[in-house]
Amino acid sequence: MDFAPRIVDWQRRHGRHDLPWQNTRDPYRIWLSEIMLQQTQVATVIPYYERFLQRFPDVAALAAAAQEDVMPYWAGLGYYARARNLHRCAQEIARDWGGRFPPTAEAIATLPGIGRSTAAAIAAFAYGERSPILDGNVKRVFTRQFGIAGDPTKREVEQKLWALADAQVEAAPGLDMAAYTQGLMDLGATLCTRGKPACESCPVADSCVAKREGRQAELPTPKARKAIPERETCMLVLRHEGAFLLQQRPEPGIWGGLWSLPEFDVSQDPDSASRALGLEPEQRFELAAFAHTFTHYRLHIRPWLVPVRMAGLRQSARPERWVPAAELASVALPAPVKKLLQGLVDAGMQDSLFRI
C-alpha cells in the first residue's frame, strides 16, 4: 500500500507550509512548538510561541532563566505542567547534553515531559529520523483509515495503532519523514477532523475503511463518559492601596508555580479568612461566582472583594506579594484569575467602589 507516499505528495501540494515553527531544522524551536501544540489550537499557540522565542531564543537562554521568569510567558495556555517540564528539560539539556538537543528520538524521549510521539516528531523534523508519530490527530486518521475500533487511549488499541504507524514507515523506504510527519498532522487537523471530515478532499479516502463503511462518526471510538466531579472554593480579592495580594501556587498541582488569589473554605467567613492573613477587612463585597473546568473536574469559584488595612501580615507557608493593578499583566496568573482581576481593574476606571 502506498499510504505514506500519498500523504507526502498531498502535504507538499496542499499541506501547511507557513507556520512559524516550520521551515527550520532547529530542534529547540520544533520542540517548543510541539509542547505548546499539545491540547492547544494552532491559532492560540502562534502569539505565545513568538513571544516566548523573543524572550528565550535558545535552550541556553531558557535553561539560565528562573522558573518564575518563564511562567508569565505561558500563563493563559493552560496545562502548566508543560511549562515546568519545558524549563526542567532545558536545564537537563544544558547540564547533561552540553547544551545541544539529543540526536535521536529514543534519547529525546528520556527528557521531562516528552513522550514517544513528541520525541519522534522532533527527531523527524530536526534530523529526518524514521520514527513514526501517534498523537491525537494521527490516532483519528489511523482508526478511520484501518477500521480500528475501541478507545484509542487504551493500551491494547494503542499498541495496534503503533504497529500500524511503524508498518507505514517500514513500507516506504526513502520516505521524506518531515513531509510525512507534517502531512499526518495536517490531514488530521484540516480534513480528517472530529466532526464532518472532508472525505472528498482526502488523499487516502479510497483506501479508508471508515469511508467505505460509512463509519466516520463511529471512529475513533469515543471514551466512556464519566461525570465530572464538582468542587467549590472561595477566593479573596484583597486590595490595599491599589494593589492585590497574590500567593504562589505550590508544585506539583493545579496552577503550580503561578500566582493566584488566596483561597478559603466555603464554610469560612471572608473576614476571618482575611484576618488569618494578618489583615483587617474594611468592607467586603461578594462578587459574581463563576466556574472553571479542568481536565478532571469543574471548580466553582466564589470571589470576595475585601479592602483591607495592614495588620502585620503573618508568615505564610506560600510566597506572597502585593501586586499593583498596573503590573498584573506581567505576572503569571491563571486565566480565570487574570480575567477576574482585569475585570475589576477595568470597572475601577468608572466606579469609585474599586478605587480602594
Completion exercise
Sorted by chain and residue number, the ring-ring contact (aromatic ring centres under 6.0 Å, His included) partners of Phe142 (sequence neighbours excluded) come out as Phe3, Phe146

Practice task
Determine which pairs satisfy side chain to side chain donor-acceptor pair (under 3.5 Å) with at least one residue from residues 16-28, sequence neighbours left out, and list them in order.
Solution key: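 Only Arg16-Asp186, Gln22-Gln182 qualify under side chain to side chain donor-acceptor pair (under 3.5 Å).
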
Handout entry: side chain to side chain donor-acceptor pair (under 3.5 Å) contacts touching residues 219-235 (sequence neighbours left out)
Key = Glu230-Arg298, Glu230-His300, Thr233-Glu263

Handout entry: Lys139 bridged to Asp135 by N-O distance under 4.0 Å
Key =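 Looking at Lys139 and Asp135, the cut-off is not met.
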
Exercise for the section: State plainly whether the residues Lys211 and Asp206 are in salt-bridge range, i.e. N to O under 4.0 Å. Expected result: no

[X] side-chain N/O to [Y] backbone N/O, donor-acceptor pair under 3.5 Å:
X      : Y      : answer
Arg88  : Pro112 : no
Ser272 : Asp269 : yes
His87  : Glu68  : no
Thr44  : Thr40  : no

Practice task
For the residue pair Glu158 and Thr153, confirm or rule out a side-chain donor-acceptor distance under 3.5 Å.
Solution key: no

Practice task
Answer yes if the side chains of Gln145 and Ser207 hold a donor-acceptor pair under 3.5 Å, and no otherwise.
Solution key: yes

Handout entry: Same cluster (ILVMFWY, side-chain, under 4.5 Å), Trp255 and Leu86
Key = yes

Exercise for the section: Report the relative orientation of the aromatic rings in Phe294 and His292; use parallel for angles under 30°, tilted for 30 to 60°, perpendicular for over 60°. Expected result: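 The rings of Phe294 and His292 stand perpendicular, inter-plane angle above 60°.
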
